[in-house]
Amino acid sequence: MKKMLLATAALTAVAALALSGCSTRSDDSGSASGSTDAAAAGFPADSLIGVALPSKTSENWVLAGGLFEDGLAEAGFKSDVQYAGASTTVKDQQDQISAMITKGAKAIIIGAADGGQLATQVQAAADAGIPVIAYDRLILNTPNVDYYVAYDNFKVGELQGQALLDGMKAKKPTGPYNIELFSGSSDDANSAVFFDGAMSVLQPAIDSGDVVVVSGQTDIKQTATAGWKAENAQSRMDSLLTSSYGSAELDGVLSPNDTLARAIITSVKAAGKPIPIVTGQDSEVESVKSIMAGEQYSTINKDTRNLVKQAIAMVSELQKGEEVDVNDTESYDNGVKVVPAFLLDPVIVTKENAAEAYANDPTLEPLTQQ
Ligand code: BGC
């Protein structure tokens with residue numbers, strides 16, 4: 001994870017601050033324990049736990065809601081699980097968190113709609129002695145985020161970059177390879193980390209001339225996909241094909257997730273071009289089908305069941321007043337503090353290892369039986 005702290009060149013200002021080891025950091029806030037006094041004291045076993053999720057921009061978020069409801073009930077808690085709406089996303093989530101505090105939640109788990117716009121709400125939570133766990137996406141520029149639980153975002157990017165290179169090489173043994181780059185929404189702190197991880201693998205190949213970004217659009221601001229919306233990726237791909245691929249062949253596209261991968265493939269098909277190597281993330285049903293059909297090249301397995309389970313384990317530790325289990329205390333600087341994190345391991349999936357990767361997934365495993 002050290003690499004992540006150093007590789008800030010491609011990051012936006014906010015995300016650079018979030019990830020840079022040398023960003024401002026108050027003296028008392030970078031400790032590994034990170035627990036609040038309230039957390040250390042514990043709370044009743046049947047307490048209300050708030051879960052504020054962003055809008056349903058990908059299947060993982062849809063799955064998380066139900067898993068939190070079931071898992072928290074099973075652990076003996078009451079739950080209040082809310083999603084931000086599709087259009088008034090930030091305001092919705094701010095209001096939902098405020099309401100959870102009013103309702104007396106004893107811990108709040110947040111998948112941030114916009115990681116930079118929750119400082120007021122998490123301050124109110126801290127004032128009420130309520131610990132906050134950032135789920136999947138980091139919350140930026142506030143001391144009031146106690147823990148972070150996520151799949152290793154930088155590694156996700158590295159795996160995507162490597163899959164893109166491997167996939168292109170398998171199809172056409174020698175370069176140069178023409179590619180285009182897509183990144184996620186700039187209000188999601190993960191987007192820059194995914195991109196940075198991927199670029200740590202792709203940049204040497206670009207520098208050597210083996211890989212060429214034909215459009216020249218390599219800056220994260222040029223590659224961003226507002227709101228993680230499929231239509232935005234599709235229209236950018238349409239424009240890139242028109243402007244840069246009249247005669248040139250497109251060999252690969254770095255896509256940060258499955259929803260955008262499928263939009264990119266739709267665009268390429270509509271232009272009557274052969275489908276390039278396209279990466280993804282999330283193991284969405286339609287993308288796993290596409291991989292098995294030989295269209296999308298890769299995805300990432302970040303089993304939502306395990307991430308939710310880990311978040312609930314953190315809540316149970318807080319409830320008992322126990323020390324919260326973390327495995328990373330250096331990578332996620334949110335601009336104010338290094339947030340103690342529990343990072344899970346993402347797995348790259350291609351057609352080759354899909355059956356093995358989804359062997360324990362009742363929804364996805366049947367799709368791999370051909
Ligand atoms: C998540 C991804 C997801 C994206 C869009 C990110 O923060 O980590 O898994 O594809 O949001 O919903």
Side-chain angles (χ1 to χ4, degrees), residues 4 11-12 14-15 18-19 52-65 67 83-86 89-90 93 109-118 133-140 145 148-160 182-198 220 223-233 254-264 278-288 296 298-308 310-311 331-332 334 339 341-349 364:
M4 191 166 80
L11 302 183
T12 59
V14 164
L19 293 167
L53 298 172
S55 47
K56 298 172 181 173
T57 45
S58 47
E59 228 163 65
N60 53 324
W61 297 114
V62 180
L63 292 172
L67 290 167
Y83 283 97
T89 318
V90 174
Q93 188 165 65
I109 297 165
I110 302 174
D114 180 334
Q117 298 209 53
L118 292 175
I133 299 170
Y135 171 86
D136 188 291
R137 298 175 174 175
L138 193 57
I139 300 171
L140 305 178
V145 47
Y148 180 44
V149 58
Y151 278 89
D152 184 335
N153 300 304
F154 191 83
K155 179 148 185 221
V156 166
E158 288 180 313
L159 292 171
Q160 290 172 330
F182 283 71
S183 57
S185 193
S186 52
D187 52 9
D188 176 354
N190 284 352
S191 298
V193 191
F194 296 148
F195 191 70
D196 213 36
I220 191 166
T223 62
T225 309
W228 285 100
K229 289 205 170 111
E231 62 261 35
N232 293 337
L254 175 74
S255 166
N257 82 357
D258 285 350
T259 309
L260 305 191
R262 296 195 303 276
I264 288 160
V278 183
T279 62
Q281 168 175 205
D282 294 334
S283 298
E284 295 199 339
V285 169
E286 289 310 313
S287 282
V288 173
Q296 187 175 324
S298 66
T299 185
I300 302 271
N301 194 16
K302 304 196 304 183
D303 195 324
T304 308
R305 295 171 299 178
N306 294 338
L307 193 58
V308 168
Q310 192 60 44
S331 300
Y332 283 91
N334 79 344
V339 183
F342 196 104
L343 302 180
L344 280 71
D345 225 13
V347 176
I348 189 78
V349 183
L364 300 178

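Atoms within each ligand, like the ligands themselves, are counted from 1 in listed order. Hydrogens, waters and symmetry mates play no part in the numbers below; they use all other heavy atoms, side chains included.
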>> Out of all atoms in ligand 1, which are within 4.0 Å of some heavy atom of Lys302? Include the element for each.
In response: 1 (C), 2 (C), 8 (O), 9 (O)
>> If I compare all heavy atoms of Ile348 with all of Thr299, which pair ends up nearest, and what's the gap?
In response: CD1-O, 3.5 Å
> Where on Asn60 is there a heavy atom closer than 4.0 Å to ligand 1, on the side chain, on the backbone, on both, or on neither?
Replying inline: side chain
> Got Asp282 and Glu59 here, is their nearest side-chain heavy-atom distance under 4.5 Å?
Replying inline: no
> Distance-only, no hydrogens or angles: does the Asp188 side chain make a donor-acceptor pair with backbone N or O of Asn190 under 3.5 Å?
Replying inline: yes
> Numbering the atoms of ligand 1 from 1, which are under 4.0 Å from a heavy atom of Gln281?
Replying inline: 9 (O)
> Taking all non-hydrogen atoms of both residues, which atom of Thr279 and which atom of Gln160 are closest, and how far apart?
Replying inline: CG2-O, 3.4 Å
>> Has Gln93 got a side-chain atom pairing as donor or acceptor with Ala113's backbone, closer than 3.5 angstrom?
In response: yes
> Tell me, which protein residue and heavy-atom name are nearest atom 11 (O) of ligand 1, and how many Å apart are they?
Replying inline: Arg137 NH2, 2.8 Å
> What is the distance from atom OG of Ser191 to atom CG of Asn257, rounded to the nearest 0.5 Å?
Replying inline: 9.0 Å
> Considering only the protein, which heavy-atom contact is closest to atom 6 (C) of ligand 1, and what is its distance?
Replying inline: Asp188 OD2, 3.2 Å
> Are side-chain heavy atoms of Leu307 and Tyr151 found at a separation under 4.5 Å?
Replying inline: yes
> To the nearest 0.1 Å, how far is atom 1 (C) of ligand 1 from its closest protein heavy atom, and which atom is that?
Replying inline: Asp136 OD1, 3.3 Å
> Can you check whether Leu343's main-chain N or O pairs, donor with acceptor, with Gln310's side chain at less than 3.5 Å?
Replying inline: no
>> Taking 4.0 angstrom as the limit and counting only heavy atoms of Trp61, give me the atoms of ligand 1 inside it, by number and element.
In response: 11 (O), 12 (O)
> What residue and atom, counting heavy atoms only, is the protein's closest point to atom 10 (O) of ligand 1, and at what distance?
Replying inline: Asp282 OD2, 2.6 Å
> What atoms in ligand 1 come closer than 4.0 Å to a heavy atom of Phe194?
Replying inline: 8 (O)
> Looking at Thr57, which atoms of ligand 1 are within less than 4.0 Å of one of its heavy atoms?
Replying inline: 5 (C), 12 (O)
> What about Asn153: any of its N or O atoms under 3.5 Å from an N or O on ligand 1?
Replying inline: no
> Where does Tyr151 meet ligand 1, judged by heavy-atom distances below 4.0 Å: at the side chain, the backbone, both, or neither?
Replying inline: neither
> Out of curiosity, Leu260 CG to Lys229 NZ, how far, rounded to the nearest 0.5 Å?
Replying inline: 12.0 Å
> Side chain or backbone of Tyr135 under 4.0 Å from ligand 1, or both, or neither, by non-hydrogen atoms?
Replying inline: neither
